[in-house]
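Atom set for the values below is all heavy atoms of this structure, side chains included, hydrogens, waters and symmetry mates excluded. Computed from a predicted structure; not experimentally measured.
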2 protein chains.
Amino acid sequence: AVRGEDLVRSYAQGEGAVHALAGVSMRIPHGAWVAITGSSGSGKSTLLNLLGCLDRPTSGHLAIDGNDVAALDDAGLARLRNRHLGFVFQQFHLLSRTSAEENVALPLVYAGVARPERLARAREALDRVGLADRRTHWPSQLSGGQQQRVAIARALVTRPTLLLADEPTGALDSRTSEEILDLFADLHRQGATVVMVTHDPAVAARASRRLVLADGRIASDDGSLS
Amino acid sequence: AVRGEDLVRSYAQGEGAVHALAGVSMRIPHGAWVAITGSSGSGKSTLLNLLGCLDRPTSGHLAIDGNDVAALDDAGLARLRNRHLGFVFQQFHLLSRTSAEENVALPLVYAGVARPERLARAREALDRVGLADRRTHWPSQLSGGQQQRVAIARALVTRPTLLLADEPTGALDSRTSEEILDLFADLHRQGATVVMVTHDPAVAARASRRLVLADGRIASDDGSLS
Ligand SMILES: Nc1ncnc2c1ncn2[C@@H]1O[C@H](COP(=O)(O)OP(=O)(O)OP(=O)(O)O)[C@@H](O)[C@H]1O
Ligand SMILES: Nc1ncnc2c1ncn2[C@@H]1O[C@H](COP(=O)(O)OP(=O)(O)OP(=O)(O)O)[C@@H](O)[C@H]1O
Ligand SMILES: [Mg+2]
Ligand SMILES: [Mg+2]
């Protein structure tokens, strides 16, 4: 499903360079549930952004379902994302002057879904994350964990086959976290591949495979298939 | 040090109102270390913002070190905050086109500290949160946990007597969290009052008192002194 080879992502910084990823190789088969852990700054979000086609590697090779990502232009990447991927950002990235339900409906706009169905699916997704009574609120009228759950609902609304989630329970209490992980488990049971970055050992424990990053490299991978 | 009586914070929303806080009373003595927990949306950030004089209650009474907050105008509140308070925001609120060290130095600008000393203290604060080698980066060039640590360094740089921290380890791995809590413990040993909102039981365990919020009210308080 996802195959990365020697992925490097560097940034120029002053006189030198920061190697956010310094050579990462991995293969994630269909239907896997992977947790990516590692200390702050170790490269987890950088890796997830590459897997989600939100960024391009400085060097190295990435293929998603056999599609060589380097061969796609930005429009091609956007179509690939919209059709298959759901992405929960570490910093949510909700539209600020837009209600929760319009935020959740947005991926369905790009997918060409008609408005009545979009709103119905957005409301259902918000209900599943416990926010039915917050659907008209703007992000600034929501708590941190409520904003996170809107971002999660938005990632789930297209029923993605590849769910990429960057610290999806970081702003949630443990009971709400469990409810969110149950939603991911439902999606996973229906055949989705789930890749989560997390600092929470309880969240990592629900994955069937754990990948640990350190200094932009894979320090350990307890399920690697090469 | 901090005394709140019947604090209410409501918002108009459509036809009705949201009562983010529905009547909270508490007294936090000098030198206390309090953890505020509760589920997502229970009112924790709202309460912390009131205690930090970043917001005013809809009704009720708040006094900080004997100062009736209602008697202060916005300039008076700003002075009170700058002189005594350190605040770590749940969403960091760093200036985006500003380096880490300039962000950390900002409270010292308001305090009238000269530039060479500001930068020296900002660099020392960044060093203490493990980010000496990231001081010239902009927030967009930092990981989520690095941004959180810049926000923490900024809150500590004035050596506040009242530290208010909203989920200060939410984006951090457990080892980095421990390092941050050790910094808070240093400040606390020097006499500061520490009030932390947290979802992490390990973080709450380091406090000497736990206040649980539910639906905008105090559900339990294991150290209340009225
Ligand atoms: N401007 C606003 N307008 C309407 N409702 C609001 C507004 N700001 C906050 N709320 C509501 O007030 C309640 C309390 O919000 P608060 O941010 O204090 O929660 P919290 O306990 O910090 O949650 P979390 O753990 O998710 O950060 C939430 O239900 C939220 O939707
Ligand atoms: N635009 C950039 N320019 C320079 N350095 C960057 C840039 N973006 C990220 N970095 C650096 O790359 C490294 C990896 O960042 P990344 O966001 O992937 O970390 P992370 O593992 O997700 O950390 P966290 O757990 O704190 O979210 C960090 O040290 C960060 O400072
Ligand atoms: Mg990250
Ligand atoms: Mg909050």
Side-chain angles (χ1 to χ4, degrees), chain A residues 11-16 18 20 37-46 48-49 89-92 99 129-131 133-149 166-167 169-180 197-202 204 212-214 216, chain B residues 11-16 18 20 37-46 48-49 89-92 94 99 129-131 133-149 166-167 169-177 179-180 197-202 204 212-214 216:
Chain A
Y11 301 96
Q13 188 76 26
E15 291 295 315
V18 173
T37 66
S39 57
S40 173
S42 57
K44 306 178 299 294
S45 296
T46 303
L48 209 72
N49 286 344
F89 295 92
Q90 188 169 6
Q91 271 134 34
F92 317 155
S99 68
V129 298
L131 291 177
D133 61 354
R134 290 286 183 270
R135 61 186 183 79
T136 60
H137 286 231
W138 283 6
S140 59
Q141 299 171 326
L142 294 172
S143 76
Q146 290 168 345
Q147 292 175 30
Q148 185 159 51
R149 284 182 275 159
D166 200 342
E167 319 239 17
T169 64
L172 302 176
D173 56 281
S174 45
R175 182 171 144 210
T176 311
S177 295
E178 283 297 309
E179 290 164 13
I180 291 305
V197 168
T198 186
H199 284 308
D200 189 337
V212 183
L213 286 187
Chain B
Y11 301 96
Q13 188 74 27
E15 291 294 317
V18 174
T37 66
S39 57
S40 172
S42 58
K44 305 178 299 295
S45 296
T46 303
L48 210 71
N49 287 344
F89 294 92
Q90 187 169 7
Q91 271 134 34
F92 316 157
L94 302 177
S99 68
V129 298
L131 291 176
D133 61 354
R134 290 287 182 270
R135 60 186 184 80
T136 60
H137 286 231
W138 283 6
S140 58
Q141 299 170 327
L142 294 172
S143 77
Q146 290 168 345
Q147 292 175 32
Q148 184 157 52
R149 285 182 274 160
D166 199 342
E167 318 242 16
T169 64
L172 302 177
D173 56 282
S174 45
R175 182 171 143 208
T176 311
S177 295
E179 290 165 15
I180 291 305
V197 167
T198 186
H199 284 308
D200 189 337
V212 183
L213 287 187

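In this structure, the salt bridge (charged side-chain N to carboxylate O under 4.0 Å, His left out) partners of A/R135, at least two apart in sequence or on a different chain, are A/E101. Taking B/F89 as the reference, B/F87, B/H93 meet the ring pair (Phe, Tyr, Trp, His ring centres under 6.0 Å) condition, with sequence neighbours excluded.
B/S45 does not touch chain A: none of its heavy atoms, backbone or side chain, sits under 4.5 Å away. Using a 4.5 Å cut-off between heavy atoms, B/Q148 makes no contact with chain A at all. Only the side chain of A/Q147 comes within less than 4.5 Å of a heavy atom in chain B; its backbone stays farther off. Using a 4.5 Å cut-off between heavy atoms, A/S40 contacts chain B through both its backbone and its side chain.
Residues A/V18 and B/H137 form a side-chain contact, since some pair of their non-hydrogen atoms from C-beta on lies under 4.5 Å apart.
Side-chain N or O atoms of B/H199 include none that pairs as donor or acceptor with a backbone N or O of A/G170 at under 3.5 Å.
Comparing A/R134, A/Q13, A/Q90 by how many heavy-atom pairs each has under 4.5 Å with chain B, the most go to A/Q13. Heavy-atom pairs under 4.5 Å with chain A peak, among B/Q146, B/Q91, B/E167, at B/Q91.
Distance check, rounded to the nearest 0.5 Å: OG1 of A/T198 to CG of B/D173 gives 11.0 Å.
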